[in-house]
Trainee: 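Encoded as C-alpha cells, here's the structure I'll be asking about.
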Amino acid sequence: MDIDEQVSLAPLTTLGIGGPARYLVRCRQIEQIFGALEWAATESIPVHVLGGGSNTLFSDAGLDGLVLRIELAGVDTDMSQAKAELRVAAGQDWDGLVQTTIASGMVGLECLSGIPGYVGATPIQNVGAYGQEVSDVLVQVEAIDRTTLKTVVFDNEACEFAYRDSRFKGRDRDRYIVTRVTYRLERDTRPTIRYPELAQQLQVAGVELDRLDGGRAAAAVRDVVLGLRRSKAMVVDPSDPNTRSAGSFFLNPILTSAQYEQTVMRWRSHTGDPASEIPSYPSSDSHSESGHKLPAAWLVEQAGFVRGTQHSGAAVSDRHALALVSRSGKEQDLLALAHQIQRTVEDVFGVRLQREPVRVAREGTVLPSDDNEPRS
Ligand SMILES: Cc1cc2nc3c(=O)[nH]c(=O)nc-3n(C[C@H](O)[C@H](O)[C@H](O)COP(=O)(O)OP(=O)(O)OC[C@H]3O[C@@H](n4cnc5c(N)ncnc54)[C@H](O)[C@@H]3O)c2cc1C
C-alpha cells in the first residue's frame, strides 16, 4: 500500500479548495481499503473517504488525517434479462458510465448526464437532476462497514433514499465505504420526461421522442440535458471559471403547509405587497411527508444575491444563483459569502438554507449542513 504524505487537496476537488492532507491513499483494489483502514486504526488517525471531489469542501488548513480516494474500476453488465443490470465499481466516472449506457441503447440515466464525480458517491446524496434520481434505477449498494470491516449489501429500500439524502448521508454518515453499485436499466422503452424545463427544451430542439427508439431517444435527451447544463455552467469545464463550484451550494428547502404559509406572510410583509407569492412545487418522496419545495435559487436572488455577485474571493455564478464559485481558492472566502447568503435568506424568509456540499474540518469531522460559519 502506497501512502502519500502532505498531498494538496485543492486539485482533487472541483472547487479547487483545500490545504494538504497529512496522508492520502489511492485505493484501486478493495484490499487497499481494508489495509488503509487497519493502518489508520492502529495509528489512531481519522479517515475521510473521497471520490471525485465534486461535492466536497475541504478546509484551508487541509486535513490532519488520512484521505482514502476510492478509485476502484470495472463494470459488469448482465444483459440476460429484459432489463440490463450493471454492477459498477465505486471509482468509475459517473458521466462516463451514463454515456456508455446510452451508447449501448439503455434508458434510465439520461437526465443525469453531465453530473461530475464517481459512481460510489451517487447513492450518498441520491444524485438527481431534471426529474431523475439514481434511486429510480438503483438495485443495490455493496459497501465496507468501517466499524466491523465486513462487507455489507443494501437493497434500494434499505438505502432510505430521499431528496438528496440517504442513510449514508444521515444516520450512517461515514460508517460505510461504497465499493460497488448495481443499476437496472430499461432497454426497450423510451425515457420518461418529468421536468417541465426539459420537456420544453426538447420541443425547442425539435426532438420528438415518440418517433425514436429507446436508445436514440435517450441520446437525444442527453444532448438536450448537456446543453441546458452548459448554459448554467453546470458541466465542469476547466476553461470556464463559473464551473469552479460544487454545483448547487444550497438544497431546495422543503416546508410543511403551515411553514409555507408563514413564509409567504413574512415575505408579503417584507415586500409590502399583500399579493406577493413564493414559487413552490409539491415535494413527495417515499420517505418523507409531502410538502412545499421552494427553489433555493429564487430565495437567494430575492435576498439580493443575484448572479455575478462578487464577495472578496468568491462569487455567485454568473449563470446560476445556486452555484457559489471560488475565485481565490480559499474556503474562508467561500464560506463568508455562503454565510452571508444564509443569514440574509433567513432574515427575509425565516428559512434556514442547508448546504449541499460536504464540509470537512481539519480534524476530519464532517460539519452540520447548516454550519457555514467561516473559522480557520
Ligand atoms: C458543476 C457541478 C454540477 C453538479 N450537478 C449536480 C446535480 O445536478 N445533481 C446532483 O445530485 N449533484 C450535482 N453535483 C454534485 C456532485 O457532482 C454529486 O454529488 C456527485 O455525486 C459527487 O461525487 P464525487 O465522487 O465527486 O463525491 P465527493 O465530493 O468525492 O464526495 C461526496 C460525499 O460522498 C462521500 N463518498 C464519496 N465516495 C464514496 C464512497 N465510495 N463510499 C462512501 N462515501 C463516499 C464523501 O465522503 C462525501 O461525503 C454537481 C457538482 C458540480 C461541481
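Atoms within each ligand, like the ligands themselves, are counted from 1 in listed order. Owing to the predicted nature of the structure, the values given are computational and were not obtained by experimental measurement.
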Trainee: Given Gly52, Cys27, Gly51, Ser54, which has its nearest heavy atom closest to atom 38 (N) of ligand 1?
Mentor: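 The residue whose heavy atom sits nearest atom 38 (N) of ligand 1 is Gly51.
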
Trainee: Tell me, do Glu277 and Pro279 make a side-chain contact under 4.5 Å, heavy atoms counted?
Mentor: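 Side chain of Glu277 against side chain of Pro279, heavy atoms only: no contact under 4.5 Å found.
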
Trainee: In ligand 1, which numbered atoms sit nearer than 4.0 Å to a non-hydrogen atom of Leu50?
Mentor: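 This gives 30 (O) as the contact atoms.
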
Trainee: I'd like to know if Thr243 contacts ligand 1, where contact means a heavy-atom distance under 4.0 Å to any ligand atom.
Mentor: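 No; Thr243 lies far enough from ligand 1 that no heavy-atom distance drops under 4.0 Å.
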
Trainee: Using distance alone, determine whether Thr14 and ligand 1 share an N or O pair under 3.5 Å.
Mentor: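 Between Thr14 and ligand 1, no N or O pair is found under 3.5 Å apart.
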
Trainee: As a check for students: among Ala129, Gly128, Pro116, Ala121, identify the option with a heavy atom nearest to atom 9 (N) of ligand 1.
Mentor: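 It is Gly128 that holds the nearest heavy atom.
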
Trainee: Indicate yes or no: does Arg184 engage Glu85 in a salt bridge with an N to O separation below 4.0 Å.
Mentor: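 Salt bridge between Arg184 and Glu85, a charged N being under 4.0 Å from a carboxylate O: yes.
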
Trainee: What atoms in ligand 1 come closer than 4.0 Å to a heavy atom of Ile177?
Mentor: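 This gives 42 (N), 43 (C) as the contact atoms.
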
Trainee: Determine whether the side chain, the backbone, both or neither of Phe168 has a heavy atom under 4.0 Å from any heavy atom of ligand 1.
Mentor: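 Answer for Phe168: neither.
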
Trainee: With Trp298, which of Trp267, Phe305, Phe250, Tyr281 fulfils ring pair (Phe, Tyr, Trp, His ring centres under 6.0 Å)?
Mentor: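 Running ring pair (Phe, Tyr, Trp, His ring centres under 6.0 Å) over Trp267, Phe305, Phe250, Tyr281 with Trp298 returns exactly one hit, Trp267.
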
Trainee: Do you know the tightest heavy-atom contact between Tyr118 and Asp93?
Mentor: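 Closest pair (atom of Tyr118, atom of Asp93, distance): CD2-CA, 4.3 Å.
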
Trainee: Find all atoms of ligand 1 within a distance of less than 4.0 Å from any non-hydrogen atom belonging to Ser245, and give their numbers and elements.
Mentor: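 Those qualifying, in numeric order: 53 (C).
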
Trainee: Side chain, backbone, both or neither: which applies to Val49 and ligand 1 if a contact is any heavy-atom pair less than 4.0 Å apart?
Mentor: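 Val49 to ligand 1: contacts from backbone and side chain alike.
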
Trainee: Return the option from Met234, Arg244, Arg146, Gln125 holding the heavy atom at the smallest distance from atom 10 (C) of ligand 1.
Mentor: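 Considering heavy atoms of Met234, Arg244, Arg146, Gln125, the nearest to atom 10 (C) of ligand 1 sits in Gln125.
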
Trainee: What protein heavy atom is closest to atom 31 (O) of ligand 1, reported as residue, atom name and distance in Å?
Mentor: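 Going atom by atom, the protein heavy atom closest to atom 31 (O) of ligand 1 ends up being Thr56 OG1, 3.4 Å.
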
Trainee: In the protein, which heavy atom is nearest to atom 33 (C) of ligand 1, and how far is it?
Mentor: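 Protein heavy atom at minimum distance: Val358 CG2, 4.0 Å.
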
Trainee: With the side chain counted from C-beta on, respond yes when Leu66 and Glu43 share a heavy-atom pair under 4.5 Å apart, and no when they do not.
Mentor: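 A side-chain contact is absent here, since even the closest heavy-atom pair is not under 4.5 Å.
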
Trainee: Roughly how far apart are Arg229 CZ and Arg222 CZ, rounded to 0.5 Å?
Mentor: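 Those atoms lie 10.5 Å apart.
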
Trainee: Quick one about Ser135 and Asn126 (side-chain donor to acceptor, distance below 3.5 Å, no hydrogens or angles considered), yes or no?
Mentor: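 Distance-only check passes for Asn126 and Ser135.
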
Trainee: Going by an N to O cut-off under 4.0 Å, is there a salt bridge joining Asp371 and Arg359?
Mentor: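 Yes, charged N to carboxylate O under 4.0 Å.
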
Trainee: Does His48 reach ligand 1, in the sense of a heavy atom lying below 4.0 Å from it?
Mentor: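 Per 4.0 Å heavy-atom rule, His48 contacts ligand 1.
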
Trainee: Using a strict 4.0 Å cut-off to heavy atoms of Arg164, name the atoms of ligand 1 that fall inside it.
Mentor: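 Listed by number with element, the hits are 11 (O).
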
Trainee: Val178 to ligand 1: N or O pair under 3.5 Å?
Mentor: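 Val178 vs ligand 1: N/O contact under 3.5 Å present.
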
Trainee: Inspect the contact between Lys232 and Glu197 and indicate whether a charged nitrogen and a carboxylate oxygen are less than 4.0 angstrom apart.
Mentor: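 So Glu197 pairs with Lys232 through a salt bridge.
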
Trainee: Can you confirm whether Ser317 sits close enough to Arg307 that some side-chain heavy atom of one is under 4.5 Å from a side-chain heavy atom of the other?
Mentor: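 Not touching, per the 4.5 Å side-chain cut-off.
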
Trainee: Quick one: nearest non-hydrogen protein atom to atom 13 (C) of ligand 1, plus distance?
Mentor: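 Closest protein heavy atom to atom 13 (C) of ligand 1: Ile115 CG2, 3.8 Å.
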
Trainee: For Ala246, is at least one N or O under 3.5 Å away from an N or O on ligand 1?
Mentor: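 It does not: no N or O of Ala246 is found under 3.5 Å from an N or O of ligand 1.
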
Trainee: Just let me know how Val127 lines up against ligand 1, side chain, backbone, both or neither, with a heavy-atom cut-off below 4.0 Å.
Mentor: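 Contact part for Val127 vs ligand 1: both backbone and side chain.
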
Trainee: Given Leu353, which partner from the list Asp370, Val300, Thr344 fulfils the side chain to side chain contact (heavy atoms under 4.5 Å, CB included) test?
Mentor: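 Answer to the side chain to side chain contact (heavy atoms under 4.5 Å, CB included) test with Leu353 among Asp370, Val300, Thr344: Val300.
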
Trainee: Can you name the nearest heavy-atom pair linking Leu299 to Phe349, along with the distance?
Mentor: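 Between these two residues, the closest heavy atoms are O-CE1, 3.7 Å.
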
Trainee: Could you pull out, from Leu57, Ile33, Asn55, the option with a heavy atom nearest to atom 15 (C) of ligand 1?
Mentor: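 Nearest heavy atom to atom 15 (C) of ligand 1 lies in Asn55.
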
Trainee: Identify the closest protein heavy atom to atom 52 (C) of ligand 1: which residue and atom is it, and at what distance?
Mentor: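 In this structure, atom 52 (C) of ligand 1 has Gly247 N, 3.2 Å as its nearest protein heavy atom.
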
Trainee: So if I count the atoms of ligand 1 from 1 in the order they appear, which ones are less than 4.0 Å from some heavy atom of Tyr176?
Mentor: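 Those atoms are 43 (C).
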
Trainee: Is there side-chain contact between Asp2 and Arg26, with heavy atoms separated by less than 4.5 Å?
Mentor: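 With C-beta onward as the side chain, the pair stays apart.
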
Trainee: Against ligand 1, does Tyr130 come closer than 4.0 Å with any heavy atom?
Mentor: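 No, Tyr130 has no heavy atoms under 4.0 Å from ligand 1.
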
Trainee: Number the atoms of ligand 1 from 1 as they appear, then name those within less than 4.0 Å of a heavy atom of Gly53, with their elements.
Mentor: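 Taking each heavy atom of Gly53 in turn, ligand 1 has 24 (P), 26 (O), 28 (P), 29 (O), 30 (O) under 4.0 Å.
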
Trainee: What do we get for Arg229 next to ligand 1 when only non-hydrogen atoms under 4.0 Å count, side chain, backbone, both or neither?
Mentor: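 Only the side chain of Arg229 comes within reach of ligand 1.
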
Trainee: Would you call Asp136 and Arg194 a salt bridge, using N to O less than 4.0 angstrom?
Mentor: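 Looking at Asp136 and Arg194, the cut-off is met.
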
Trainee: Tell me which protein heavy atom sits closest to atom 35 (C) of ligand 1, plus the residue, atom name and distance to 0.1 Å.
Mentor: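 The closest heavy atom on the protein side is Ile124 CG1, 4.0 Å.
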
Trainee: As an exercise, identify every atom of ligand 1 less than 4.0 angstrom from a heavy atom of Gly117.
Mentor: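 This gives 23 (O), 24 (P), 25 (O), 26 (O) as the contact atoms.
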
Trainee: Is it the case that the side chain of Thr179 and the backbone of Glu142 share a donor-acceptor pair, with hydrogens and angles ignored and the cut-off at 3.5 Å?
Mentor: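 Checking the backbone N and O of Glu142 against the side chain of Thr179, a donor-acceptor pair under 3.5 Å is found.
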
